[in-house]
Amino acid sequence: MNPIDDDDVDTLLRQSFDGPTPDAGFSDRVMQQLPPRRLRSAWPLAAGVLVGAVLCALSLFNSPLWRAAWHGLRVGERSTSTMIVLSTMAGMSLLALAWTLAEADDH
Amino acid sequence: MTCVADSAAEARIDQSLVARALLGDDRRAFEQLVRRHQGMVRAQLCRLLHGDEAAADDLAQETFLLAWRKLDQFRSDARFSTWLHRIAYSCFLQTCRTKSWAARHAQDDAMEHLPAPAHAMDLQLDLARAMQHLSTAEQAVLLHCVQLELSHEEAAYVLEMPLGTVKTHATRGKAKLKTWLSAWHEAAGEERVR
């Protein structure tokens, strides 16, 4: 008589498993118990963005860098401050884009 | 190859149903997910609860309600079915810690440890008895890896165990079963010779 090997044990274990349980009304019972989904309200995010933007504008408004950059933009001059501000804005936009793409990929 | 392709197609269907349930708050999409996976989740829990179907159904219901609440936390790095098995196993552990099922099961265990009948029993009954004598972790690993046909990586995810530990439990569990069942095999062989 051949000794029992791993495959025999696997086969016996699989044979002893009855497989998926028949539904028999289970899904309907679950669906009846399902609570309404709590929709995440959008106002905290909107308020946060608004407050952040206002604080950012206030802190930049008095900055000499921002004034110099704004002046440079108005007269079409490529000053160092203009380039710094434009590079920062481009960097922030790229970061936001990468974050959005990563989130979209997760879903 | 076909099996892998089927599995990938099933995973894509699950992902699209999850997306529909999330984005459109589509309860019908979630209902389809429940119908697709309830059988295996209930079978998993029924095995973990040693055949207590009523308790398994209660836990399965809790599992799907939790899945509905946490659906936005599902990441497609695991299959949806594996994610559900993980929630079900967490619910099972939680129940063992808090409810009376473990106490009731302890009484059943005492019954299990009564001396085995002297006559050779059917191999399947012997296997069930042998499974009861494995450690809880070995039983859980063999259930998920062999009977539910999860990969070692998926079983490690469901059971929240390191991959190496899962492999060790699988090897040890099978080795113990082989030893115990070999005794049955030899006894059966001797009976045939007589």
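Just so it is clear, the values below take in all heavy atoms, side chains as well, and ignore hydrogens, waters and symmetry mates. Model, not experiment: these values are computed from the prediction. By convention in this document, chain letters (A, B, ...) are assigned in the order of the sequence lines, proteins followed by strands, and residues within each chain are numbered from 1.
Residue Arg14(A) qualifies as enclosed at atom CZ: its count of foreign heavy atoms under 6.0 Å is above 12. A 6.0 Å sphere centred on CZ of Arg172(B) holds no more than 12 heavy atoms belonging to other residues, nucleotides or ligands.
Under the 4.5 Å side-chain criterion, counting only non-hydrogen atoms from C-beta, Arg27(B) is in contact with Leu34(A). Taking 4.5 Å as the limit, some side-chain heavy atom of Trp68(B) sits within range of a side-chain heavy atom of Pro35(A). With contacts defined as side-chain heavy-atom distances shorter than 4.5 Å, the pair Glu31(B)/Asp28(A) qualifies. Under the 4.5 Å side-chain criterion, counting only non-hydrogen atoms from C-beta, Phe30(B) is in contact with Met31(A).
With hydrophobic clusters built from ILVMFWY side chains whose heavy atoms lie under 4.5 angstrom apart, Phe80(B) shares a cluster with Ile13(B). Grouping the Ile, Leu, Val, Met, Phe, Trp and Tyr side chains by contacts below 4.5 angstrom, directly or via other members, places Trp66(A) apart from Leu73(A). Leu49(B) and Leu93(B) fall within the same hydrophobic cluster, defined by Ile, Leu, Val, Met, Phe, Trp and Tyr side-chain heavy atoms under 4.5 Å apart, directly or through other members. In the hydrophobic cluster analysis, where Ile, Leu, Val, Met, Phe, Trp and Tyr join through side-chain heavy atoms closer than 4.5 angstrom, Ile84(A) is grouped apart from Trp70(A). Using a 4.5 Å cut-off between side-chain heavy atoms of Ile, Leu, Val, Met, Phe, Trp and Tyr, with links allowed through other members, Leu65(A) and Leu86(A) fall into different hydrophobic clusters.
Shortest non-hydrogen contact noted between Ala43(B) and Pro20(A) is CB-CA, 4.3 Å. The two residues Arg47(B) and Asp18(A) have their closest heavy-atom pair at NH2-N, 4.4 Å.
Neither the backbone nor the side chain of Leu23(B) comes within less than 4.5 Å of any heavy atom in chain A. Within the 4.5 angstrom heavy-atom criterion, no atom of Glu53(B) approaches chain A. Heavy-atom distances place the side chain of Val9(A), and not its backbone, under 4.5 Å from chain B. Heavy-atom distances place no part of Ala67(B) under 4.5 Å from chain A, backbone and side chain included. When heavy atoms are compared at a cutoff of 4.5 Å, Pro22(A) approaches chain B solely by way of its backbone atoms N, CA, C and O. Heavy-atom distances place both the backbone and the side chain of Ala60(B) under 4.5 Å from chain A.
Note: Lys178(B) NZ to Leu12(A) CG = 12.5 Å, rounded to the nearest 0.5 Å. The distance from atom CG of Leu143(B) to atom CZ of Phe17(A), rounded to the nearest 0.5 Å, is 6.5 Å. With rounding to the nearest 0.5 angstrom, the CD atom of Gln61(B) is 9.5 Å from the CD atom of Gln32(A). In this structure, Glu149(B) CD and Asp10(A) CG are separated by 9.5 Å, a value rounded to the nearest 0.5 Å. A distance of 11.0 Å separates OG in Ser27(A) from CD in Gln32(B), rounded to the nearest 0.5 Å.
Counting heavy-atom pairs under 4.5 Å between each of Met40(B), Gln38(B), Gln44(B), Lys174(B) and chain A puts Gln38(B) at the top.
A salt bridge does not link Asp23(A) with Arg36(B): every distance from a Lys NZ or Arg NE/NH1/NH2 to an Asp or Glu carboxylate oxygen is 4.0 Å or more.
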Worked verdict on Met131(B) versus Leu13(A) for side chain to side chain contact (heavy atoms under 4.5 Å, CB included)
CA-CA 9 Å; Met131(B) 279 289 279; Leu13(A) 283 170; 3.6 Å; yes
Output, in order, the C-alpha distance, side-chain angles, deciding distance and verdict of side chain to side chain contact (heavy atoms under 4.5 Å, CB included) for Gln33(A) and Leu65(B).
CA-CA 8 Å; Gln33(A) 296 285 323; Leu65(B) 293 180; 4.1 Å; yes
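A donor-acceptor pair is defined here as one N or O able to donate and one able to accept, closer than 3.5 Å; no such pair exists between the side chain of Arg42(B) and the backbone of Phe26(A).
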